[in-house]
Amino acid sequence: MSDTPAASAVPAVPAQPAKPVNKISTKAAGLVSLAVMSSRVLGLIRDQLFAALIGAGWQMDAFVTAFRAPNLLRDLFAEGALSTAFITTFSEKITREGDDSAWRLASKVATLAAVFMSLVTLLGIWGAPLITHLLAGGFNAEKMDLTVELTRIMFPFIALVSLAALVMGMLNAKNVFGMPAMASTFFNLGSIIGGVAFGKMLDPHFGTKHYGSGSLVGMAIGVLIGGLAQLVVQFPSLRRVGFHFRPDFAWRDPGVRRILLLMGPAVIAASAVQVNVMVNGNFASHLGNGAVSWLSYAFRLMQLPIGIFGVAIGTVTLPVVSRSAAAGNTVEFRSILARGMRLAFLLTVPSTVGLMMLARPIIALIYERRAYTAEDTTHTAEALQFYAIGLCAYSGIKVLAPAFYAIGKRNTPMMVSFLSIAVNYGLNQFFTFHLGWGHRGLALSTGLVALTNFALLYWLMHTQVRRLETRQMIVTLAKLAVAGGTLALICWAGQRWLLAGWVHQGFLVHVVLLFLLIGLAAAAFFAVALLLRIEELDDVAALAKRKLGRLAKGRTSNTQPPTPNIQ
């Protein structure tokens, strides 16, 4: 598809916004948020295990860097480019040609993905020393050798997760959101159980301060077990929606060609955050032992609200806006897109303020035990506070960036991403080495780049669709700022009085007081938001009320407009 404005495809008769679609998006987003929250919580448990057993020293730096290689390629080829390009094309196939044609395309793409990712895996295993040098050129020889070994073990993860992302795309396009969102929960379960089992098998000192490289090798094998679980668990849902895989090597197909054309720019555009994280990792490798780990732990915490809210809303919005664009319904397209961004901001503003104000007690509660020290807590909290500056922008990008592919403007996010990578590199040099802020400067650069990226994408989308409900967006952001200020005030007061002696209190008291403060601050935020009549809060409240009503009455059906199959 050529880069033509979406407005050219609008029908002669003005299209009306489809309000039921917005309700479907909100309801499905709630389900996906719940599923992703489960996965992120298990991810935190996995990180807790790593922190307690390994800490934040040179060995954890090696593990984080080794996993970064296949994880970066996952975003380049799988959950970023492949997923976005496939869902866009697959949804159009369903709309224009029906299910049979769409399933034939799916078999072709699945065959191509399996072959290509297997070759990428072999190449990655062979080229692990070069990859490690690119990711962490500042490591010493011992640290570098361990990183290369772990990289070779974990590299097949890219093939497994690419196929899992493809299956997720098929299910999302068929309006099945629950199990695909739950799949990453099984990755975390598999990596925890498999990692502990193989760690104990390969290292008799696993779990003690005398652990060796065998413990890390076991954890790396657990990553592969988790990747396999993430793929296999989606197969039953895929069969239920009618897909039966048949190897198909006839890749000279218009649908396959369009996916590949979309993937080219998307390889850069959909993964700018991970590319910047990779660059940051290389910078961090020159800052001594621990910096890579501190940034990784902080980034994981920042990704929690992004995954729960931004990714969830983006996941359920993309198929809908793709179908709206394919049908030429620009009014519906921009209405759903604007609504999705406002909803993402509503749900991430309190997370942003909360993480910035309560970073240290939150990180101490989650990580600080055994090998993870109070000094590690302080350094990780510093990184988290700067990362959180860009949290809302990250969530907005998750909703906004994929929409460019739906309207055929695939080169636009690519160019913005080129710019963001260059800006990130320059800011890293300035904050980290010129000002001497170390790992804090790297986190600040990442947050500022996210803000810049979102602002450019928003402006460019506005020029394409002529209207993006900007006035309503500004009003909503102003109201959210007032609510966020209230939340910040309560967090500040709570730290002075409620958490004044948390360092010397027991674990249980720390948990109770911190959750009490978070609950009070969140209640105040949403109370102010309700008083200010933020429209998207009404949608969330109505959804929660319907859910609670069904539970109270023991009903499983409803009288709302038809909803997607959210098994």
Side-chain angles (χ1 to χ4, degrees), residues 33 36-52 54-56 60-61 63-64 67-68 71 184-185 187-188 191-192 273-274 276-277 280-281 284 290-312 344 347-369 371-395 397-398 439-440 442-447 450 484 487-488 491 495 499 502 510-511 514-515 517-519 521-522:
S33 293
V36 175
M37 180 171 64
S38 172
S39 170
R40 300 289 174 163
V41 168
L42 277 172
L44 280 178
I45 293 173
R46 177 173 173 265
D47 278 359
Q48 281 183 306
L49 179 67
F50 280 24
I54 304 173
M60 189 61 190
D61 285 353
F63 187 93
V64 168
F67 186 52
R68 184 166 290 148
N71 206 40
S184 55
T185 298
F187 162 73
N188 286 313
S191 60
I192 291 171
V273 172
Q274 288 298 327
N276 288 334
V277 169
N280 291 356
V292 172
S293 299
W294 299 328
L295 289 168
S296 176
Y297 286 125
F299 197 70
R300 163 73 77 173
L301 280 176
M302 195 208 45
Q303 287 287 323
L304 181 63
I306 294 174
I308 294 174
F309 304 124
V311 173
L347 297 174
T348 52
V349 164
S351 301
T352 299
V353 178
L355 289 177
M356 292 182 72
M357 299 295 298
L358 303 175
R360 197 164 187 273
I362 288 174
I363 290 170
L365 176 64
I366 295 173
Y367 295 129
E368 192 177 312
R369 58 187 55 84
Y372 197 93
T373 67
E375 182 183 1
D376 294 325
T377 294
T378 298
H379 292 311
T380 304
E382 292 170 343
L384 179 59
Q385 288 172 324
F386 284 114
Y387 271 142
I389 291 173
L391 198 157
C392 289
Y394 281 133
S395 294
I397 291 169
K398 291 292 184 182
H439 72 290
R440 295 169 297 168
L442 298 177
L444 177 59
S445 299
T446 303
L487 189 152
C491 287
Q495 286 203 85
L499 298 181
W502 68 268
H510 186 182
V511 171
L514 181 58
F515 273 81
L517 178 55
I518 291 173

### Query
Where is the tightest heavy-atom contact between G354 and L487, given as atom of each residue plus distance?
N-CD2, 3.9 Å
### Query
Would Y372 and I363 satisfy side-chain contact (heavy atoms from CB on, under 4.5 Å), going step by step from the backbone distance to the final call?
CA-CA 11 Å; Y372 197 93; I363 290 170; 4.1 Å; yes
### Side-chain heavy-atom pair L44, L301 within 4.5 angstrom cut-off
yes
### Close side-chain approach of L365 to F515, heavy-atom, < 4.5 Å
yes
### Message
Taking the cut-offs as 6.0 angstrom to the six-membered ring centre and 45 degrees off its axis, would you call R68 and F299 a cation-pi pair?
### Response
no
### Task
Check whether any side-chain heavy atom of T352 sits under 4.5 Å from a side-chain heavy atom of Y394, and report yes or no.
no
### Message
Go through it in stages, so that I can follow the logic: the residues are T185 and N188, the test is side chain to side chain donor-acceptor pair (under 3.5 Å), and I'd like the CA-CA distance, side-chain angles, deciding distance and then a yes or no.
### Response
CA-CA 5 Å; T185 298; N188 286 313; 5.9 Å; no
### Query
So, for C491 and A521, which heavy atoms are closest and what is the spacing to 0.1 Å?
SG-CB, 3.9 Å
### Task
Side-chain contact test, heavy atoms from C-beta onward, threshold under 4.5 Å: evaluate it for Y297 versus V64 and give yes or no.
no
## Note on the structure
In short, D61 meets S293 closest at the heavy-atom pair OD1-OG, 2.5 Å
### Query
Which heavy atom of T377 sits nearest a heavy atom of A364, and at what distance?
CG2-N, 3.8 Å
### Query
Quick one: does Q385's side chain have a donor or acceptor within less than 3.5 Å of a partner on M356's backbone?
yes
### Separation between OG of S191 and CZ of F67, rounded to the nearest 0.5 Å
8.0 Å
## Note on the structure
Taking every heavy atom of C392 against every heavy atom of T348, the minimum-distance pair comes out as SG-OG1, 3.5 Å
### Query
Are any of the side-chain heavy atoms of Y367 and D47 separated by less than 4.5 Å?
yes
### Message
If you apply the rule side-chain contact (heavy atoms from CB on, under 4.5 Å), what do you find for Y387 with L295, and how did you get there?
### Response
CA-CA 9 Å; Y387 271 142; L295 289 168; 3.5 Å; yes
### Task
Mark yes or no for whether H439, through its side chain, and H379, through its backbone, hold a donor-acceptor pair below 3.5 Å.
yes
### Message
Here's a test for you: under side-chain contact (heavy atoms from CB on, under 4.5 Å), which of L384, T378, T380 qualifies with R360?
### Response
T378
### Minimum heavy-atom distance between L355 and M302, given as atom pair plus value
CD1-CA, 4.3 Å
